[in-house]
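Presented below is the structure to which this report refers.
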Amino acid sequence: MGTVYAIANQKGGVGKTTTAVNVAACIAEAGYETLLIDIDPQANATVGLGVPKDSAPNVYDVLMGASGAEEALVATEIERLALLPAHPDLAGANMELPREAGSERRLQEALAGIRDRFAFIILDCPPSLGPLTVNALVAADRVIVPVQTEYFALEGLAGLLDTLALVQRELNPRLTVAGMLLTMHDARTRLARAAEEDVRKHFPALVFDTVIPRNVRIAESPSFGRPVIHHDPHSAGAGAYFALAQEVAARG
Ligand code: ADP
Ligand code: MG
């Protein structure tokens, strides 16, 4: 059965989508059948893999019970990487889901039929702790928390860990934190180095050794509809995401 990773942080712009797309691509490249599920109404992961954001059926249809997960899968240009695309309509699910009892298990239930086909399933969460993220956390085995090394790096992390503990207690006892991932790191600045030190000091053992550098190849690759390992395999960004994928796989 595939291991399910949610990439979550309620802060926007910390590198969730970039991490979801690039870790998924690296794992597929390493030979594993991999599925990326985009559950952010912004559909950035979908578009970043060259798939239009009005694909149907999509993950909204799956959450609403209008489609099975199987029918909504699309192939990507990357071998062994499938996508369950997002749609802007997902924004409505934030209103619709809470009206129905048990709706926090929709994604988990939808995945039951396809989990066997994938070694890894990566969930790209929206920048909130609303119903869509809760669905992801209930379906997940592990969480990766991207953290940008900036002045407010620690802000919100304690709250996020509290939420993860609550979901674990109430809804999903399997859930564990795989690690915090330092992203968009600019090792030349004292500020970024201080932020890294702070996060490592506050959460020893929880922070991945691999740090993702700020890298223009990473930033421009979504506009080409592909992950950085295909956009520029020799870039520092591609190397970092390969190293991270190895570290994630090694942590099990
Ligand atoms: P989130 O999904 O958490 O909102 P994104 O992954 O979309 O964050 O990243 C926010 C922005 O930062 C995007 O424009 C993305 O291309 C850019 N970005 C992410 N990681 C890097 C990086 N390592 N180097 C440079 N730019 C990055
Ligand atoms: Mg995103």
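The first residue in the sequence is number 1, and the count goes up from there. We count ligands from 1, going down the list as the structure has it; atoms in each ligand are counted the same way. Predicted, not measured: the structure shown is a model, and the values here were computed from it.
Close N/O approach between Asp124 and ligand 1 is not found [any backbone or side-chain N/O within under 3.5 Å]. Not one N or O of Thr19 is nearer than 3.5 Å to an N or O of ligand 1, by distance alone. When only interatomic distances are considered, the shortest N/O to N/O separation between Thr17 and ligand 1 falls below 3.5 Å. Inclusion of Pro213 in the set of residues having an N or O under 3.5 Å from an N or O of ligand 1 is warranted. Where the criterion is an N or O separation shorter than 3.5 Å, residue side chain and backbone included, Gly13 meets it with respect to ligand 1. Of the N or O atoms in Asn215, one or more lie within a sub-3.5 Å distance of an N or O in ligand 1.
Inclusion of Gln42 in the first shell of the Mg ion (ligand 2) is not supported: no N, O or S atom falls under 2.8 Å.
The nearest non-hydrogen atom to atom 8 (O) of ligand 1, considering only Gly12, Ala45, Gly15, comes from Gly15.
Checked by atom type and distance alone, the side chain of Lys16 pairs as donor or acceptor with a backbone atom of Lys11 at under 3.5 Å.
Within the 4.0 Å cut-off (strictly below), no protein heavy atom is located near atom 17 (C) of ligand 1. Distance remark: protein heavy atom not present below 4.0 angstrom from atom 11 (C) of ligand 1. Protein heavy atoms all stay at least 4.0 Å away from atom 14 (O) of ligand 1.
The shortest separation from a heavy atom of Pro127 to ligand 1 is not under 4.0 Å, leaving the residue out of contact.
Atom CZ of Phe224 is surrounded by more than 12 heavy atoms from other residues, nucleotides or ligands within 6.0 Å. Residue-environment remark: CD (Glu71) exceeds the threshold of 12 foreign heavy atoms within 6.0 Å. No more than 12 heavy atoms of other residues, nucleotides or ligands lie within 6.0 Å of OH in Tyr32, so this atom counts as exposed by the packing criterion. Counting heavy atoms of neighbouring residues, nucleotides and ligands inside a 6.0 Å radius, atom CZ of Arg188 does not exceed 12 of them. Counted within 6.0 Å of CD on Glu100, heavy atoms from surrounding residues, nucleotides or ligands total more than 12; the atom is thus considered enclosed. Within 6.0 Å of atom CD in Glu96, more than 12 heavy atoms from other residues, nucleotides or ligands are found, so the atom counts as buried in its surroundings.
Atom 26 (N) of ligand 1 has Ala219 CB, 3.5 Å as its closest protein atom, hydrogens excluded (heavy atom only). When only non-hydrogen protein atoms are considered, atom 27 (C) of ligand 1 lies nearest to Met184 CG, 3.8 Å. Protein heavy atom nearest atom 6 (O) of ligand 1, with residue, atom name and distance: Thr18 OG1, 2.6 Å.
A side-chain donor from one of Asn172 and Arg174 sits under 3.5 Å from a side-chain acceptor of the other. At a cut-off of 3.5 Å, with distance as the only test, a side-chain donor of Asp124 or Thr17 sits close to an acceptor on the other residue. No side-chain N or O of Thr3 forms a donor-acceptor pair with one of Asp141 less than 3.5 Å apart.
Per-residue contacts place Val14 under 4.0 angstrom from the following atoms of ligand 1 (heavy atoms of the residue considered): 1 (P), 3 (O), 8 (O).
In Ile212, the part holding a heavy atom less than 4.0 Å from any atom of ligand 1 is the side chain.
Rounding to the nearest 0.5 angstrom, the gap separating the OG1 atom in Thr34 from the CZ atom in Arg80 is 8.0 Å.
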